[in-house]
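One structure is given below, encoded as structure tokens.
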Amino acid sequence: MYKQKLADFIYLLKQNKLFAAALFTLVLLYLSAIFAGFISPYRYDSEDRTKSFHPPTPVYFTDGEGGLAWPYVKDYEFEFDDYHRRIYEPVEGSRNRLQLFPEGEKYNFLGLLETRRRLFGVEDDGKIYLFGADSRGRDLFSRIIYGGRVSLSIGLIGVSISLLLGLLIGGISGYLGGLVDNFIQRLIEVIMLVPAFFLLLALRSAFPLDWTSVRVYFFIIIIMSFIGWASLARVIRGMVLSLREKQFVEAARVSGVPGPVILIKHILPNTASYFIVAATVSIPGYILGESALSLLGLGIQDPHASWGNLLQDAMSISQLQLHPWVLLPGLFIFLTVMSFNLVGDALRDILDPEHEVSGGNLV
Amino acid sequence: MSLLLSFFLVGCAPPTPPDNVLNLGTISAPKTFNPVTARETSSTDVINQMFVGLTTTDGQTGAVEPELASDWESKEDGRVWIFTLHDDLRWSDGEPLTAADVVFTYNELYLNFDIDSSARHSLLMDGEPPQVEKVSERQVKFTYPDPYVPFLRAASNPILPEHLFADISPAEFNYAWGVDTSPDELVVNGPFKLGRYESEQRVVLERNPHYYKNQLDDEQLPRLDKLIFHVVANTDLQVQRFLRGDLDAIGVQAQLYPVVRAGQERADFEMHYSGPDLGTLFLAFNMNTTPHPETGETHIPEHKLDWFNDHQFRRAVAYAIDRQMIAEVVFNRLASPAHGPVSPANEEFYYPGLKEYEHDPDKAREILEEAGYSDRSGDGIIQDEKGNPVKFVLLTNAGADQRVATAEIIRQDLSDIGMDVSFRQVEFNTLVSQLSSDFDWEAVVMGFTGSLEPHFGSNVWLSSGNLHMWHPYQEEPVRDWEREIDELFAQGMRTLEPERRREVYSRWQRIVNRELPLIYTVTSDTIHAVHSRVKNAQPTAIGGLTHNVEYLDVR
């Protein structure tokens with residue numbers, strides 16, 4: 001059966017180009033987040049205040065006389081014009097060649113070894129700003145890649161936790177029925193009644209200010225998964241209610257298999273088609289939740305990066321007029337959310353053609 | 001056809017002259033219209049258009065000018081001040097404004113300790129109120145036990161109508177004239193009276209026909225029919241609305257300057273530069289060693305108090321801050337490094353000879369090393385002699401873009417010299433209560449609006465002051481230099497001779513510059529953008545846009 005599904009899956013990839021593209025985007029984004037230290041040319045907090053709002057650096061492939069050259073970038077310096085805008089001009093004759101695998105700032109490769117090797121960089125003292133720089137001259141490309149670690153993982157971890165909770169609680173509720181079921185269902189209703197984002201805001205403000213970004217990060221995950229499991233548990237419970245009347249469950253029970261084993265080995269696996277899809281479509285909710293919180297200055301704090309707090313710069317219309325590249329983190333959020341939704345849709349078509357699933361969006 | 005024609009006819013009707021209206025923006029709605037209890041600029045900006053006092057400050061020169069008083073004299077070296085009111089002054093409801101109103105306003109309102117007045121401290125001398133007496137219908141006498149030099153400026157507090165408040169209890173007065181007051185009840189003496197207040201939207205002020213300058217000049221003053229304050233909650237939006245023409249004038253923050261300036265290509269307005277701003281922007285540490293009255297413990301851990309009270313620690317911080325880069329990155333180079341409590345905008349008292357703390361992280365590290373702070377564990381964070389890592393939280397109020405950006409730079413600068421600083425934005429009211437009643441903050445980036453009279457900063461600089469942020473409400477000055485500043489302020493208010501007075505306040509600035517209870521960052525430039533249709537606009541750093549509001553004209 002799984003072979004058949006895999007074949008279906010590959011067939012669908014070929015058929016549905018959008019699905020393939022979305023999956024590819026996600027894989028690429030997650031890889032870049034995992035290898036952030038390697039891929040980004042600079043650390044997330046390395047700044048050069050003389051390069052405030054440096055525009056994206058073009059990479060040149062020709063030597064200016066029509067011939068091809070090893071890719072290089074130019075040095076840029078700014079002067080304030082009459083309007084006190086920073087006008088960046090290339091420095092005459094400067095040519096910093098791109099380097100593959102140069103030694104950059106130290107970072108921790110996958111938490112295993114300290115290294116300075118980075119994917120690419122610029123020779124000498126040159127700087128490369130693929131996506132431009134922020135107000136303090138920090139490379140936006142590096143910050144987006146590093147920020148992806150927070151923004152992308154928060155969805156995965158959050159969903160795993162709420163999935164686990166949802167499966168267990170929903171399963172128990174449906175399998176046992178009676179008073180336990182009644183109690184759990186009322187609890188779920190109460191949790192679903194709470195407006196999620198306000199709960200998030202309230203809980204965040206109740207905790208001490210001197211928490212590090214890492215602690216805040218785990219805290220956000222925990223709150224969001226605590227809110228997220230309820231709707232999932234509800235559907236699982238419904239599915240378990242009908243599954244437990246099935247003959248194979250009956251058979252297991254008659255042969256003396258203990259209840260918990262029946263639930264975990266025989267009933268819950270049958271809900272897989274639902275929860276895989278539900279998980280996929282609810283990941284964007286976590287990503288958006290974190291972004292919103294960080295955008296309001298309550299989540300991940302400077303100098304650490306997440307796509308949400310990077311977008312803070314883009315809150316001002318004036319900044320957008322002068323430095324449109326500060327909006328780029330928004331593009332990454334958009335791409336990710338879009339991809340997850342496309343993948344979720346396609347997965348539903350494969351796994352569960354009859355059911356409509358709606359993701360529990362937090363925001 | 002007939003429909004078209006009728007439209008045409010309407011279009012042809014003789015145009016009524018357009019109203020003479022000035023549209024200004026305000027960041028937040030006024031909280032009250034009560035001139036005595038108002039505390040925040042969102043309220044006083046509006047109130048100052050409706051109420052005037054005995055004296056005023058010239059927006060151009062900063063000199064004290066007559067307002068309701070046509071004349072004054074001082075006797076006994078500044079112990080006694082006698083003000084003579086203009087002839088035939090009237091309230092906006094037509095009642096006469098006399099010396100009785102002045103005596104009532106001072107004795108029963110400003111100097112009444114049951115009323116919550118923020119202006120009181122500028123009128124008290126060593127905590128003692130002056131004696132205020134009516135001499136005649138048009139003359140009022142103020143008597144102080146000692147010469148009180150700053151009094152002329154203090155006498156600019158708005159005068160209120162006795163005939164409305166004669167029988168009110170202090171408790172009632174504290175809540176009188178809230179924003180729900182009907183326009184008829186708000187009896188004023190300034191150029192404008194309240195037209196209507198649309199909650200959280202706009203305040204519409206109308207010309208006060210009984211404004212005293214109406215009788216003095218041969219022309220009708222103010223020239224404007226209406227002055228409207230639109231609540232636009234964000235500076236960015238204010239700029240956009242100004243560029244669209246909805247607002248006639250705005251104060252331009254440095255970080256938005258390029259956008260406004262570029263807008264000149266599309267809209268017809270002028271930029272006015274008025275030099276450095278009167279206000280200050282600084283970093284402060286909590287040095288409050290007074291234990292909590294109930295628990296008997298200090299408000300923050302004692303080892304942190306030890307760092308913050310360590311002069312060498314603060315000196316190192318002063319050297320670590322890159323003021324030049326703050327001016328450039330945050331203020332687009334429209335600011336200059338600041339090292340003392342008086343802005344250069346205050347030409348009379350600004351002391352130019354202060355020590356300048358140039359950005360020098362090596363020197364900062366050296367100072368810390370010598371004072372016993374070093375990285376013994378090798379984790380990149382310095383520790384004090386007892387081994388506590390130097391780790392604290394830096395706060396500023398959320399939404400204040402310039403402060404947030406400045407604080408982020410300071411955070412980075414301090415982490416470069418090995419301090420583990422986390423930066424948090426806090427809602428303004430939360431921050432105020434932390435600073436003024438909970439005292440559980442560690443470091444903060446804040447600003448003060450400046451005043452031309454240094455003595456009016458006594459609530460900040462006296463060790464007993466409520467805004468003596470680093471250690472407020474001290475019964476006895478804890479630190480020697482605080483005692484010295486207390487004495488200087490006591491001396492400054494009694495010194496009549498300007499040159500000697502300047503010397504007193506120069507000594508104060510040198511002490512602050514040396515002891516660094518507040519570590520100053522930059523002084524931003526004052527820039528206003530005013531639409532060309534506004535005539536006579538002469539915005540200044542001292543008086544802002546509205547110091548000559550009665551002569552502004554929009555046609």
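Just the heavy atoms: all of them, side chains too, but no hydrogens, waters or symmetry mates, feed the values below. Convention: sequence-line order gives letters A, B, ...; per-chain numbering from 1.
- Annotation for A:Glu77: atom CD does not count as buried by contact number, only 12 or fewer foreign heavy atoms lying within 6.0 Å.
- With a threshold of 4.5 angstrom between heavy atoms, A:Asp82 approaches chain B through its backbone and through its side chain.
- Here the side chains of A:Pro303 and B:Arg411 are in contact, with some heavy-atom distance below 4.5 Å.
- Counting heavy-atom pairs under 4.5 Å between each of B:Val330, B:Leu237, B:Asp413 and chain A puts B:Asp413 at the top.
- Chain B forms more heavy-atom pairs under 4.5 Å with one residue of A:Gln319, A:Gln321, A:Met315, A:Arg86 than with any other, namely A:Arg86.
- In the displayed structure, A:Glu114 atom CD is contacted under 6.0 Å by more than 12 heavy atoms of other residues, nucleotides or ligands.
- Remark: B:Asn332 CG to A:Phe53 CZ distance equals 8.5 Å, nearest 0.5 Å.
- Heavy-atom pairs under 4.5 Å with chain B were tallied for A:Ile317, A:Asp81, A:Leu322; the largest tally goes to A:Ile317.
- Note that CD1 of B:Ile527 and NE2 of A:His84 are 7.0 Å apart. Values are rounded to the nearest 0.5 Å.
- Contacts with chain A were tallied for B:Gln412, B:Glu328, B:Met325; B:Gln412 has the most, counting heavy-atom pairs under 4.5 Å.
- With chain B as the partner, the residue from A:Arg85, A:Arg49, A:Arg136 showing the most heavy-atom pairs under 4.5 Å is A:Arg49.
- Residue A:Tyr107 qualifies as enclosed at atom OH: its count of foreign heavy atoms under 6.0 Å is above 12.
- Of the candidates B:Asn234, B:Asp236, B:Asp401, A:Ser316 forms a side chain to side chain donor-acceptor pair (under 3.5 Å) with just one, namely B:Asp236.
- For B:Gln324, no part sits under 4.5 Å from any heavy atom of chain A, backbone or side chain.
- Other residues, nucleotides and ligands contribute more than 12 heavy atoms inside 6.0 Å of the CD atom of A:Glu123.
- Enclosure of atom CZ in A:Phe334 is not indicated, since only 12 or fewer non-hydrogen atoms of other residues, nucleotides or ligands lie within 6.0 angstrom.
- In terms of heavy atoms, B:Phe423 sits closest to A:Gln301 at O-OE1, 3.5 Å.
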